[in-house]
There are 2 protein chains.
Amino acid sequence: MKGKRPHLSITDSSEEPLTGAVEDYLKAIYALGRGSVSVATNDIAQRLDLTPASVSGMVRRLAGHGFLSYERYRGVTLTDLGRRAALRTLRRHRVIEAYLSGALNYPWDRVHAEAERLEHAASDELVDRMAAAIGEPLTDPHGAPIPSREGDMDETEYLSLAELGAGYGARVVRVSDEDPEMLRYLGELQIMPGAELIVISKAPYEGPIALAVSGTMLAIGPQLASQVMVEPLTDLEAPAH
Amino acid sequence: MKGKRPHLSITDSSEEPLTGAVEDYLKAIYALGRGSVSVATNDIAQRLDLTPASVSGMVRRLAGHGFLSYERYRGVTLTDLGRRAALRTLRRHRVIEAYLSGALNYPWDRVHAEAERLEHAASDELVDRMAAAIGEPLTDPHGAPIPSREGDMDETEYLSLAELGAGYGARVVRVSDEDPEMLRYLGELQIMPGAELIVISKAPYEGPIALAVSGTMLAIGPQLASQVMVEPLTDLEAPAH
DNA sequence: AGATTAAGTTAGGCAACACTAACTTAATCG
DNA sequence: CGATTAAGTTAGTGTTGCCTAACTTAATCT
Ligand SMILES: [Mn+2]
Ligand SMILES: [Mn+2]
Ligand SMILES: [Mn+2]
Ligand SMILES: [Mn+2]
């Protein structure tokens with residue numbers, strides 16, 4: 001599913017700026033509901049590390065401002081206005097991540113925390129300059145797609161590495177950001193967007209998954225594997241035996 | 001006058017982060033009192049575009065946190081703690097300005113507004129990376145000195161162009177930022193840090209000041225000239241006649 | 001259906017920051 | 001010295017955004 005309103009830029013809204021808290025709420029709701037599904041109070045609270053009571057209050061205010069529709073006890077859905085605001089913040093976040101990584105050599109496990117704050121302070125002009133300076137990238141350092149200025153975003157769903165059968169080859173397209181420790185570990189293993197790998201074997205009962213990553217053999221748990229999104233490689237599709 | 005505590009970095013304070021409002025107050029008080037002189041409530045209010053009542057309230061809180069000493073009706077003086085916090089924000093601000101200008105080609109009349117927000121969101125690591133990326137500059141794009149990580153800053157006082165006598169040559173060291181319109185005009189005239197000029201004549205009664213700037217003749221008013229800080233050039237010191 | 005539980009909401013509070021209106025203090029001037 | 005004025009403060013209010021404690025609603029299970 002693609003974004004709407006192809007001719008109305010998400011960066012030219014002449015309204016007063018939103019607060020950082022509001023932007024983070026909208027971003028969280030977008031992430032949880034992929035922009036259209038109804039989202040539960042508790043899930044928002046967990047994602048933002050707030051109490052459900054706080055979310056109840058904020059959600060009422062956001063509905064009042066037209067960012068979402070809200071029926072008590074029934075969860076929350078972004079309106080078009082809310083969706084555009086969420087995508088604008090998401091674009092900022094990911095452009096900033098990509099810039100920090102590409103232009104300032106920022107390690108990929110720390111760009112998220114930095115972008116989480118800068119996304120609320122950077123002007124549209126700055127974000128555009130950053131994007132231009134690194135060649136208008138289509139994804140952030142973790143492989144997440146960057147929404148266009150117009151609010152369109154590639155929402156292709158990928159398979160997780162945990163779902164890939166033994167014998168299959170795949171290219172890593174995206175890993176979950178947010179957990180720096182995990183990112184550092186994945187980095188050590190060379191499991192990052194663009195890397196190609198082959199699933200050698202999968203032990204049963206949630207057992208380790210053996211992989212070949214750029215020539216090296218290694219094994220990871222299924223929990224970690226579920227955080228790695230991959231695209232199967234057609235020319236390696238046949239199980240090795 | 002130089003900063004103090006040469007061995008205690010201003011960027012390694014492990015305390016909880018200050019709010020943007022607090023950082024802006026401390027920066028304003030530092031700018032108005034050059035870090036040591038007592039500063040008036042009304043002046044802070046004017047500089048931050050707030051009412052004096054708001055400043056009275058905030059100033060009491062800041063004193064409570066040990067950032068300044070305060071006696072009712074008597075103005076305010078930064079403590080060492082407050083001065084260090086101010087210098088840290090000032091360093092961030094100016095490094096960000098220099099980076100935007102040097103690395104992203106940001107026009108010099110807009111870096112100030114952008115830095116005014118980013119200074120509260122950028123981490124120390126980011127500021128350090130920015131400074132390193134552009135070669136650890138000593139001044140921002142307007143010629144203002146950048147405090148060191150340790151909190152030392154060059155506080156040399158310069159002559160303003162309005163005070164320079166006819167016939168003298170000088171190098172521009174610094175211009176006032178904050179007014180984008182003025183900066184754009186000065187830029188057109190090539191009056192910017194590093195530029196060399198000669199005062200051809202000064203009309204009496206606040207009249208126009210005729211200048212030669214890199215070969216071009218032009219005239220500016222004394223009000224504008226007072227915003228341009230210069231360093232007289234010894235080899236052009238003798239009045240032209 | 002009735003009881004239990006999970007999810008969500010309300011009530012009441014608090015800290016940060018801003019405002020206006022009204023008052024107080026200090027400085028100045030005749 | 002006393003009056004005027006400028007500077008500064010207090011009182012009271014509003015918004016944002018968070019919390020805990022207590023309650024209500026909806027979903028589930030026997
Ligand atoms: Mn954020
Ligand atoms: Mn990311
Ligand atoms: Mn600021
Ligand atoms: Mn500047």
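Within every chain, numbering begins at 1; the chains are lettered A, B, ... in the order of the sequence lines, protein sequences first and strands thereafter. The analysis underlying the following values was restricted to heavy atoms, covering all of them including side chains, and did not include hydrogens, waters or symmetry mates.
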Student: The side chain of B:Asn42 is closest to which nucleotide in this list: C:dA7, D:dG8, C:dA16?
Tutor: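 Of the options given, the side chain of B:Asn42 lies nearest D:dG8.
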Student: Would you mind telling me which of D:dC18, D:dG17, C:dG8 lies closest to the side-chain atoms of A:Val22?
Tutor: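 The listed nucleotide nearest to A:Val22's side chain is D:dG17.
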Student: What is the nucleic acid contact for B:Arg60, judged by heavy atoms within less than 4.0 Å: base, sugar-phosphate only, or nothing?
Tutor: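 Since only primed, P, OP1 and OP2 atoms lie under 4.0 Å of B:Arg60, the category is sugar-phosphate.
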Student: If you check every side-chain atom of B:Ala53, which of D:dA7, C:dA18, D:dA11 has the closest atom?
Tutor: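 The nucleotide sitting nearest to the side chain is D:dA11.
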Student: Check whether any side-chain heavy atom of B:Leu159 sits under 4.5 Å from a side-chain heavy atom of B:Leu164, and report yes or no.
Tutor: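 Yes - at least one pair of side-chain heavy atoms lies under 4.5 Å apart.
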Student: To the nearest 0.5 Å, how far apart are CG in B:Leu224 and CG in B:Leu161?
Tutor: 8.0 Å
Student: Which nucleotide sits closest to the side chain of B:Thr51: D:dG17, C:dC19, C:dA16?
Tutor: C:dC19
Student: Against the six-membered ring of A:Tyr158, is A:Arg174 placed for a cation-pi contact (under 6.0 Å from the centre, within 45° of the normal)?
Tutor: no
Student: Respond yes when some side-chain nitrogen or oxygen of A:Ser54 is under 4.0 Å from OP1 or OP2 of D:dC19, and no when none is.
Tutor: yes
Student: Atom CG of A:Leu26 and atom P of D:dT16: how far apart are they, to the nearest Å?
Tutor: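 Rounded to the whole Å, the gap is 14 Å.
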Student: For the side chain of A:Leu50, counting heavy atoms from C-beta on, which of D:dT9, D:dC18, D:dT16 is nearest?
Tutor: D:dC18
Student: Can you measure B:Met58 atom CE to C:dC19 atom P for me and round it to whole angstrom units?
Tutor: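 To the nearest whole Å, that distance equals 11 Å.
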Student: Will you find, in the side chains of A:Thr89 and A:Glu119, an N or O donor that is under 3.5 Å from an N or O acceptor?
Tutor: no
Student: If only side-chain N and O atoms of B:Arg72 are considered, is one of them under 4.0 Å from the OP1 or OP2 phosphate oxygen of D:dT10?
Tutor: yes
Student: When you measure from the centre of the six-membered ring of B:Tyr70, is the NZ or CZ of B:Arg60 closer than 6.0 Å and no more than 45° off the axis?
Tutor: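 No, B:Arg60 and B:Tyr70 do not form such a contact.
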Student: Could you check how far CG of B:Asp24 sits from C1' of C:dC17, rounded to whole Å?
Tutor: 13 Å
Student: Could you tell me the separation between the OH atom of A:Tyr70 and the P atom of D:dT25, rounded to a whole number of Å?
Tutor: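 That distance rounds to 13 Å.
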Student: Considering only C:dA7, C:dC17, D:dA7, which nucleotide approaches the side chain of B:Arg61 most closely?
Tutor: C:dC17
Student: When you look at CD of A:Glu206, are more than 12 heavy atoms from neighbouring residues, nucleotides or ligands closer to it than 6.0 Å?
Tutor: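 Result for CD/A:Glu206: open.
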Student: Just how far, in rounded Å, is P of D:dC18 from CG of A:Leu48?
Tutor: 8 Å
Student: Which listed nucleotide (C:dT24, D:dG17, C:dA21) is nearest to the side chain of B:Tyr73?
Tutor: C:dT24
Student: Counting side-chain heavy atoms from CB outward, which of D:dC18, C:dC17, C:dT10 is closest to A:Ser56?
Tutor: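 Closest nucleotide to the A:Ser56 side chain: C:dT10.
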Student: Could you tell me the separation between the CG atom of B:Leu18 and the P atom of C:dC17, rounded to a whole number of Å?
Tutor: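 It works out to 10 Å between those atoms.
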Student: Choose from C:dG8, C:dA16, D:dT9 the nucleotide whose nearest atom is closest to any side-chain atom of B:His65.
Tutor: C:dA16
Student: Could you state the atom-to-atom distance from CD of B:Glu23 to P of C:dA16 in whole Å?
Tutor: 15 Å
Student: Check this one for me: any side-chain N or O of B:Tyr25 less than 4.0 Å away from OP1 or OP2 of C:dA16?
Tutor: no
Student: Could you tell me how far apart B:Arg74 (CZ) and D:dG8 (C1') are, to the nearest whole angstrom?
Tutor: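 Rounded to whole Å, this separation is 12 Å.
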